[in-house]
Amino acid sequence: MSKQLTSAFARHVLPFTRRANNMARPLVSHMNRHQQASLPSEDFVKTPEPIVAKTPKTATTTTTSAPASSSSSVASKVTKLPNGIRIATEDSQGHFASLGVYVDAGSRYEDESTRGVSHILDRLAFKSTKSRTSEAMMADLEAAGGNVMCSSSRESIMYQSALLPQDLPKMLAIMADTIRNPVISEEELEEQKVSAGHEIQEYWSKPEMILPELLHTVAYKDNTLGNPLLCPMDKLEEMTTGNIKSYIDTWYRPERIVVSAVGADHEKVVDLTNQLFGDMKPLGADSSATANSESPKDASKSGLFSSLFGKGTSPSSTPDYNSLSRQVAKYTGGQLLIEDDTQPFTHLFVGFEGLSIHDDDIYALATLQLLMGGGSSFSAGGPGKGMYSRLFSNVLNHYTWIESCMSFNHCYSDSGLFGISGSCYPGYESMLLEVIVRELELTTRTGRGGVAQGELDRAKNQLRSSVLMNLESKMVQLEDLGRQVQVHGYKVPVEELCSKIEKVTRQDIVRVARRVFGGGVAKLTGGSGEVTIVGQGLTKSLEGADKVLEKYGLGKNAKW
């Protein structure tokens, strides 16, 4: 959910993150938060030192954000090593600690020759390294105890663990080993190709899982945030160990790495990081490293992702590291309607270019997303579960033919996506489109049908409570700290975040709604201002979506 407010806040505004599952290997990285198994701790197993690193200069630059006060519960500390690696920690009470390493990499930094590498890379975490066999790695993970996982998103690859404080040195050594010294054998790659193939098939069989991916692909056609999180099947077949190693060499650089810990002594974490990562060489200012040293195989492309990406980039014109790392997301918008009469429901996504994490209006937009809320036609929750949100009150409680209707807000470092997704019984597609567009238009009004003060207050309270309750989890606190430092360079205090949410007014909501639903974000980002529409099912009646948007005055031609 990158912005770097709070991970809890991120639950509402951060991007969709693919977390692969592998139940056959409960210790491996691709377990989601609910499936991670506790690993037994073996006190008498000695963990071999994975990296013999030269100790670099000890000079560091330390800054402290959110200094502790009578109203501030935790102070975060950030230290930057001479080679650019940042270490961020927060104190926390309890018997467990959490540890993470965050790499500024991910699918937005892939090109035609490395498409899908980050998907496979997170599946290869915690496998064999130059100092450990795969069996030794599993044994050392068990000895270190705790839960481990690795996940990739569009803007980050995250290695995380919940563990006992005394096991933190062991776990950081393991993370450093898997990040810096992976073997990536042919056998391991082939095994993960098979596993990833099943995962991809599962996603494609479920519209609610694949359509958010296609939404990004259409919204940012042929660039950055439009690169798929899932490796396309044709690229999966072409993937080589050389592709993956080249990607690691290009993007796993010290200036792009943040080590984060919660419930651990800051100076000890700094010393450990200095020992394990301190000899990594940063990218020189005049470096011309390319994103891939190998040319991709000249294989014919197939599948929907291939057609969406067109002919792609030729090997001779592959952008170099400097070009890819500085490439700004370019919102294009567009439509993709997949006719499929085998689906029991028709699924529809209507999206607009949203706000980046650095935009001052991000707090108002996150409040608007929670205010609109939504869910499925059946919910076991009460008022605290969003049952009084707009999409529940105005849509799900009124139309029995609508199966689900909910708002979404994906927020990234330089752009975002905001809109509503819904599903309905076949035959009601055009009505579903009109209902969605009408609900978006209502939030732009200042009078009848617009946002009332009572529902705004409720949404702000829910957003603040969600932030605070999620931060009770050390893993959420860890990810929040690591990603904020990765994006901002510092941690936004939760008190400041809640204060900014509280200051959101009805006028702010209307202004931001008009800015987003009227294509006004394009004035800042250079995007097209077009609406993005993606659907699957009986979609022929959705081809006239432009007329519906024009009827309600939404889109780049809106007049307010």
Side-chain angles (χ1 to χ4, degrees), residues 15-16 18 106-119 153-155 200 203-204 207 209-235 291 296 301-314 317-319 323-339 347-356 408-419 421 516-517 519-536 539 542-543 545-546 549 554-557:
F16 161 60
R18 184 195 57 75
S107 62
R108 76 167 291 162
Y109 300 112
E110 296 171 356
D111 61 13
E112 183 64 18
S113 63
T114 55
R115 189 85 67 220
V117 167
S118 56
H119 175 190
S153 67
R154 287 184 159 79
E155 296 187 316
I200 294 168
Y203 268 77
W204 277 99
M209 297 176 70
I210 195 61
L211 288 183
E213 271 296 279
L214 297 179
L215 180 76
H216 282 79
T217 302
V218 175
Y220 301 91
K221 184 171 176 59
D222 295 331
N223 77 97
T224 59
L225 300 174
N227 293 344
L229 279 176
L230 295 173
C231 181
M233 289 299 292
D234 60 325
K235 291 297 181 183
K301 293 197 258 187
S302 61
L304 184 56
F305 271 139
S306 297
S307 63
L308 288 174
F309 278 95
K311 295 182 179 180
T313 305
S314 62
S317 62
T318 299
S323 297
L324 280 173
S325 62
R326 292 175 173 82
Q327 188 176 9
V328 178
K330 180 73 172 180
Y331 178 87
T332 60
Q335 292 189 16
L336 174 65
L337 301 177
I338 306 172
E339 186 70 13
H347 302 267
L348 174 65
F349 282 70
V350 178
F352 299 78
E353 183 175 15
L355 306 178
S356 77
F408 59 83
N409 184 17
H410 302 293
C411 184
Y412 302 95
S413 60
D414 55 356
S415 187
L417 279 175
F418 189 99
S421 65
V516 173
F517 306 147
V521 180
K523 296 178 181 178
L524 181 64
T525 65
S528 68
E530 298 285 349
V531 182
T532 303
I533 296 178
V534 174
Q536 183 175 0
T539 60
L542 298 175
E543 295 176 356
D546 292 340
L549 291 163
L554 300 188
K556 66 178 182 179
N557 296 320

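Here the structure is a predicted model, which means the values were calculated and not measured.
- In this model, a donor atom of one side chain and an acceptor atom of the other lie less than 3.5 Å apart for E339 and T539.
- Between R115 and P228, the shortest heavy-atom distance links the atoms CD-CD, 3.8 Å.
- A donor-acceptor pair under 3.5 Å is absent between the side-chain atoms of T532 and the main chain of F352, judged by distance alone.
- No donor-acceptor distance shorter than 3.5 angstrom exists from the side chain of T525 to the backbone of Y331, with no hydrogens or angles considered.
- In this structure, the separation between CG on L337 and CD on Q536 is 10.5 Å, given to the nearest 0.5 Å.
- The shortest side-chain heavy-atom distance between Y203 and I200 does not fall under the 4.5 Å cut-off.
- A distance of 8.5 Å separates OG1 in T217 from CG in L336, rounded to the nearest 0.5 Å.
- Between L554 and V531 the shortest side-chain heavy-atom distance does not fall below 4.5 Å.
- Atom CD1 of I338 and atom CG of L214 lie 5.0 Å apart (nearest 0.5 Å).
- Among all heavy-atom pairs drawn from E155 and L225, the shortest one is OE2-CD2, 4.3 Å.
- Across all their heavy atoms, C411 and S356 have their closest contact at SG-C, 3.5 Å.
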Inset, instruction - Determine, step by step, whether T114 and Y109 satisfy the side chain to side chain donor-acceptor pair (under 3.5 Å) criterion, reporting the C-alpha distance in whole Å, the side-chain angles of both residues, the deciding distance to 0.1 Å, and the verdict. - result: CA-CA 9 Å; T114 55; Y109 300 112; over 6 Å; no

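- Within the 4.5 Å cutoff, no side-chain heavy atoms of V328 are placed close to those of T224.
- To the nearest 0.5 Å, atoms CG (L324) and CG (N223) are separated by 11.0 Å.
- A salt bridge (Lys or Arg N to Asp or Glu O under 4.0 Å) check over residues 520-534, counting only residues at least two apart or in different chains, returns the pairs E530-K556.
- Note that CG of L524 and CG of L355 are 9.0 Å apart. Values are rounded to the nearest 0.5 Å.
- Defined by atom type and a distance below 3.5 Å, a donor-acceptor pair is missing between the side-chain atoms of N227 and R154.
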Legend entry - Derivation and outcome, side-chain contact (heavy atoms from CB on, under 4.5 Å), residues S415 and E353: CA-CA 7 Å; S415 187; E353 183 175 15; 3.1 Å; yes

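- Aromatic ring centres of F408 and F418 lie farther apart than the 6.0 Å criterion allows.
- Taking each heavy atom of E213 and L230 in turn, the nearest pair found is OE1-N, 3.6 Å.
- Side-chain contact between L549 and N557 is absent, with no heavy atoms from C-beta onward closer than 4.5 Å.
- For K235 (side chain) and E112 (main-chain N/O), a donor-acceptor pair under 3.5 Å exists by modelled atom type.
- Partners of K330 according to the salt bridge (Lys or Arg N to Asp or Glu O under 4.0 Å) rule, which considers only residues two or more places apart in sequence or in another chain, do not exist here.
- Aromatic ring centroids of Y412 and H216 lie under 6.0 Å apart.
- Counting all heavy atoms, side chain and backbone alike, S413 lies closest to R108 at OG-NH1, 3.5 Å.
- Residues H119 and E110 share a closest heavy-atom pair of N-OE2, 4.5 Å.
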